[in-house]
Amino acid sequence: EMSEQERVFQDRIDRGEKIEPKEWMPEGYRKTLIRQIGQHAHSEIVGQLPEGNWITRAPTLERKAILLAKVQDEAGHGLYLYSAAETLGVSRDELLALLHNGKMKYSSIFNYPTLNWADIGTVGWLVDGAAIMNQVQLQKTSYGPYSRAMIRICKEESFHQRQGYDILLKMCLQGTHEQKEMAQDALNRFWYPSLMMFGPSDKDSVHSAQSMQWKIKINTNDELRQKFVDQTVPQAEYLGLTIPDPNLKWNEAKGGYDFSEPDWNEFFDVINGNGPCNVERMEARVTAWEDGAWFREGLMAHAKKQDARRAA
Ligand code: ACO
């Protein structure tokens, strides 16, 4: 049963009003947002690792400058999102502690390795492509600060997707036979993990129903996965690459492709910490946090000194 206060809140959501930080909200709404925005922020930060790995090995100065800018953008996205989460009454330090002790998740996709330059193209094309597909609808999410962060992030994300596709255009349309084979191999490895980014199938999605009633989520996991496949297949065709799915087939009646589901056992394995790079990713984040301690302490000492001067 909804209380009067909860009913008034739901009416505001139904009318399409945005909820702002100081306004009343059900505890479940606040908790769900902290979980989702926090997980989203962590994904942006951890997502720097697989690509950062290739900054020093980019094939040209131009590609290096582009990749560097993209990876820096991801750090910025993480910061907007931590700020959005902080408006809900949780601090950035608390969120990071929960990431570091394994109590909060980040996107499954970043637990896969980037083995070569074709992977960097493929990550931009598929991973950023999937991220945009999810984030475009989140611009309409009911929580004001999250929605506004998404607008900016989507603009930058579309540059990220294009830079990835551009790498693959070069490799597939102007490259050598070996380069095209590298691109196909990268697609083979990243296709299903990219489909997993949208979360479990709707029947196994524990949060979707409530999150959609609150308009925290606008579309279901399966709806977005379908849209992603429909958008991506023609892009693969243009590159002359084959989607690694023998069941992929245009379905005229539904106006979309039929396709194979990813291996959900693998998905749950990865989000429970057992993917190929989970340990490496967490070690890198925890080490970065520990190595940065002297700097945070220095900043705090400086701020204290300034405060003391002002008080004197
Ligand atoms: N990776 C890791 N965990 C996932 C993933 C995934 N791809 N998909 C779902 N999960 C987790 C959920 O967090 C939830 O676990 P929890 O209860 O411990 O938090 C569980 O699996 C069940 O899933 P759902 O009930 O479907 O969860 P939810 O309603 O939160 O939907 C989704 C998942 C679609 C990822 C949603 O949280 C979302 O839209 N998040 C914002 C977008 C985002 O985080 N993008 C990050 C990747 S893109 C990038 O940053 C570049």
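Just so we're clear, the structure is a prediction, and the values are computed from it rather than from any experiment. All ligand and atom numbering here is 1-based and tracks the order in the structure.
Residue contact check: I271 has heavy atoms under 4.0 Å from atoms 1 (N), 2 (C), 3 (N), 21 (O) of ligand 1. Taking every heavy atom of M196 and a limit of under 4.0 angstrom, the matching atoms of ligand 1 come to 7 (N). Distances below 4.0 Å separate heavy atoms of Y106 from the following atoms of ligand 1: 1 (N), 2 (C). Under a 4.0 Å criterion applied to the non-hydrogen atoms of V206, ligand 1 contributes the atoms 22 (C), 25 (O).
With salt bridges taken as basic N to acidic carboxylate O contacts below 4.0 Å, one links R63 and D166. At a threshold of 4.0 Å, the pair D11-R15 does not count as salt-bridged, since none of the basic side-chain nitrogens sits closer than that to a carboxylate oxygen. Under a 4.0 Å N-O distance rule, the pair R148/E20 qualifies as a salt bridge.
In this structure, atom 1 (N) of ligand 1 lies nearest to the protein heavy atom S108 N, 2.8 Å. Scanning the protein for heavy atoms near atom 30 (O) of ligand 1, the closest one is R35 NH1, 3.0 Å. Of the protein's heavy atoms, F267 CZ, 4.0 Å lies nearest to atom 10 (N) of ligand 1. Of all protein heavy atoms, the one lying nearest to atom 49 (C) of ligand 1 is E44 OE2, 4.0 Å.
Screening I132, L126, N134 against F228 for a side chain to side chain contact (heavy atoms under 4.5 Å, CB included) leaves a single residue, L126.
Judged purely by distance below 3.5 Å, without hydrogens or angles, the side chains of Q226 and K254 pair a donor atom with an acceptor atom. Between the side chains of R152 and Y80, at least one donor N or O sits under 3.5 Å from an acceptor N or O. With hydrogens and angles left out, the side-chain atoms of H42 and Q39 include no donor and acceptor closer than 3.5 Å. Side chain to side chain, H177 and E181 meet the donor-acceptor criterion of an N or O pair below 3.5 Å.
Contacts of S211 with ligand 1, taken as heavy-atom pairs under 4.0 Å, are absent altogether.
Between K217, Q36, H40, it is K217 that holds the heavy atom closest to atom 28 (P) of ligand 1. Comparing Q39, E74, K105 against atom 15 (O) of ligand 1, the shortest heavy-atom distance belongs to K105.
At least one heavy atom of Y146 lies less than 4.0 angstrom from ligand 1. For G47, the closest heavy-atom approach to ligand 1 does not fall below 4.0 Å.
Under the 30°/60° scheme for interplanar angles, the aromatic rings of F267 and W264 are found to stand perpendicular.
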